[in-house]
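For reference, positions follow the sequence shown, starting with 1.
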Amino acid sequence: YDGMDDADKVGLQFVFPAYLLILTMTVIVVCHYCLQRSPTASTSSCLHRLPIIIGERAVGVLSTLIYLSYSKLLRNVIDIFTYSTIHLPSGHMYVWFYDGNVKFLDGKHVVLFAIAVVTCTLFLLPYTLALTFIPIIERYSEHNRLFNYLHKK
């Protein structure tokens, strides 16, 4: 809308991935609880037909949306963390690379920076570590199970 600056636009780019994740998680939770319904519940209810319609596809959809949200969030975080240095006769000044009119870590940029740090800590870093180290952990656990099986004999 008129009056929206670049900081507002970058901040709003966090909303769509969060919306997709919340929507997908809601569908998975509803499917889970519909499958555990009581025997006296009506099977013609729309909510009870949801697991039949979606089936096992909900987990695949969630993993795809997490992957797409990961790339979008990573791009947003990189945009927020990037700064540029302006050299002046009186010294130097750091500005946000995305919008040179905004001082780095000043005003609205502090809020965006805090959101980006939380996003990195709670979502991006664990997801990256999981993608990197899960194959190694699986390989180790297979050898560990094999070792335990052979050791018991």
Same hydrophobic cluster for [X] and [Y], using side-chain heavy-atom links shorter than 4.5 Å among ILVMFWY?
| X | Y | value |
| --- | --- | --- |
| Y98 | V95 | no |
| L105 | M93 | no |
| V102 | I78 | yes |
| L122 | L74 | no |

Heavy-atom donor-acceptor pair, N76 side chain to Q13 backbone, under 3.5 Å: yes
Value rounded to 0.5 Å, distance of CG in L124 from OG in S69: 10.0 Å
Pairwise distance OH(Y94) to CG(D106) - rounded to 0.5 angstrom: 14.5 Å
If you take all heavy atoms of [X] and [Y], which pair is closest and at what distance?
| X | Y | answer |
| --- | --- | --- |
| H109 | I80 | NE2-O, 3.0 Å |
| W96 | L112 | CH2-CD1, 3.9 Å |
| P126 | C120 | CD-O, 3.9 Å |

Enclosure of F97 CZ (heavy-atom neighbours >12, cutoff 6.0 Å): no
Student check: side-chain heavy atoms of T132 and L129 closer than 4.5 Å: no
Side-chain heavy atoms of L125 within contact of T121, under 4.5 Å: no
Partners meeting ring pair (Phe, Tyr, Trp, His ring centres under 6.0 Å) with F14 (sequence neighbours left out): none
Ring pair (Phe, Tyr, Trp, His ring centres under 6.0 Å) between Y83 and F104, intermediate numbers included: CA-CA 7 Å; Y83 66 91; F104 192 72; 5.1 Å; yes
Pairs satisfying salt bridge (Lys or Arg N to Asp or Glu O under 4.0 Å), at least one member in residues 62-77, at least two apart: R75-D79
Identified side-chain contact (heavy atoms from CB on, under 4.5 Å) counterpart of L20 within the set V15, L65, T64: L65
